[in-house]
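What follows is a set of notes on a single structure, which appears directly below.
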Amino acid sequence: MKKIYHLSTCSTCQRIIKELQPLTDFELQDIKTEPITPSQLEKMHSLSHSYEDLFSKRAILYRERNLKEQNLSEENFKELILEQYTFLKRPVIIVDDQIFIGNSKKVVAAAKTAIHS
């Protein structure tokens, strides 16, 4: 499986996708127009072993809802990601049985290596 979950309106996602080219046999899923399904999130979790790792604490709603003040469980992180696409840390890149979450230089470099090796 080769897939990238991204937000087409996000300039960071656009930059990373451009940097990762060529993306042969990759499926790109814009999570705003095609929401993540529970089974897709389960697949991401099976690779990352953590809903919290998939969760974006930079999301505006995270601050607006005062979620930082709450003690969130793995189940809470899962429900929030399914409820609102902005809670998924982006992009999520899946290359066979490897997952790369987020936009740090280190993560993007590792994804690029996995894609082009």
Side-chain angles (χ1 to χ4, degrees):
M1 176 186 200
K2 294 182 178 182
K3 189 161 188 164
I4 299 177
Y5 296 91
H6 69 105
L7 197 53
S8 63
T9 55
C10 170
S11 59
T12 302
C13 287
Q14 291 169 356
R15 175 184 53 78
I16 290 169
I17 289 170
K18 188 181 276 186
E19 188 179 324
L20 296 175
Q21 296 297 333
L23 291 170
T24 311
D25 300 328
F26 265 83
E27 180 185 344
L28 272 64
Q29 180 172 333
D30 182 348
I31 60 174
K32 185 174 184 178
T33 58
E34 189 183 339
I36 310 162
T37 65
S39 65
Q40 288 172 327
L41 186 57
E42 287 298 322
K43 173 69 174 166
M44 289 182 229
H45 181 264
S46 73
L47 295 171
S48 70
H49 307 292
S50 169
Y51 289 111
E52 186 173 3
D53 288 349
L54 293 162
F55 188 86
S56 173
K57 293 182 179 172
R58 290 183 175 177
I60 294 168
L61 281 177
Y62 182 72
R63 290 188 297 275
E64 286 178 357
R65 292 188 186 181
N66 274 341
L67 295 173
K68 187 177 184 178
E69 311 307 318
Q70 298 175 30
N71 189 10
L72 298 173
S73 67
E74 278 287 289
E75 191 61 31
N76 295 140
F77 287 121
K78 176 184 176 182
E79 290 167 6
L80 287 164
I81 292 169
L82 289 172
E83 171 195 321
Q84 180 55 255
Y85 68 88
T86 60
F87 285 130
L88 182 70
K89 192 182 283 186
R90 303 174 302 272
V92 174
I93 303 164
I94 298 176
V95 182
D96 302 320
D97 60 350
Q98 297 177 76
I99 189 166
F100 304 92
I101 305 164
N103 55 31
S104 74
K105 287 184 190 293
K106 186 178 174 183
V107 168
V108 174
K112 193 172 190 174
T113 300
I115 291 167
H116 299 294
S117 63

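- Between the OG atom in S73 and the CD atom in E79 there is a gap of 7.0 Å [rounded to 0.5 Å].
- Closest approach of P91 to H6, counting heavy atoms only: CB-CB, 4.5 Å.
- Rounded to the nearest 0.5 angstrom, L67 CG and E69 CD are separated by 9.5 Å.
- Going from atom CG of L88 over to atom CG of L7 covers 9.5 Å, rounded to the nearest 0.5 Å.
- Under the 4.5 Å side-chain criterion, counting only non-hydrogen atoms from C-beta, L54 is in contact with I99.
- A distance of 7.0 Å separates NZ in K2 from OG1 in T24, rounded to the nearest 0.5 Å.
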Intermediate values then yes/no, salt bridge (charged side-chain N to carboxylate O under 4.0 Å, His left out), E19 and R15: CA-CA 6 Å; E19 188 179 324; R15 175 184 53 78; 3.6 Å; yes
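- A donor-acceptor contact shorter than 3.5 Å is absent between the side chain of Q98 and the backbone of I94.
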Take R63 and I60, measure what side chain to side chain contact (heavy atoms under 4.5 Å, CB included) needs, and give me the verdict at the end. CA-CA 5 Å; R63 290 188 297 275; I60 294 168; 3.7 Å; yes
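- The shortest non-hydrogen separation linking E52 to E74 is N-OE2, 3.1 Å.
- At a threshold of 4.5 Å between non-hydrogen side-chain atoms, the residues I4 and V92 do not count as touching.
- Closest approach of R58 and N103 over heavy atoms only: NH1-OD1, 4.1 Å.
- Considering OH of Y62 and CD of Q84, their distance stands at 15.5 Å, rounded to 0.5 Å.
- Using a 4.5 Å cut-off between side-chain heavy atoms of Ile, Leu, Val, Met, Phe, Trp and Tyr, with links allowed through other members, I101 and L20 fall into different hydrophobic clusters.
- I31 and I81 fall within a single hydrophobic cluster, where Ile, Leu, Val, Met, Phe, Trp and Tyr side chains are chained together by heavy-atom contacts under 4.5 Å.
- Screening residues 83-117 for ring-ring contact (aromatic ring centres under 6.0 Å, His included), with sequence neighbours left out, gives F55-F87.
- A continuous path of hydrophobic side-chain contacts links L61 to L72 [ILVMFWY only; heavy atoms under 4.5 Å].
- Scanning all heavy atoms of the two residues, the minimum distance from P35 to Q40 falls at O-OE1, 3.9 Å.
- Residue L80 is grouped with residue M44 when hydrophobic side chains (ILVMFWY) are merged at heavy-atom distances under 4.5 angstrom, including chains of intermediate members.
- Taken to the nearest 0.5 Å, the CG atom of D30 stands 10.0 Å off from the CZ atom of R90.
- In the hydrophobic cluster analysis, where Ile, Leu, Val, Met, Phe, Trp and Tyr join through side-chain heavy atoms closer than 4.5 angstrom, V95 is grouped apart from I36.
- The environment of CZ in R65 is crowded: more than 12 heavy-atom neighbours from other residues, nucleotides or ligands sit within 6.0 Å.
- For the residue pair I93 and A111, the shortest heavy atom distance occurs at CD1-CB, 3.9 Å.
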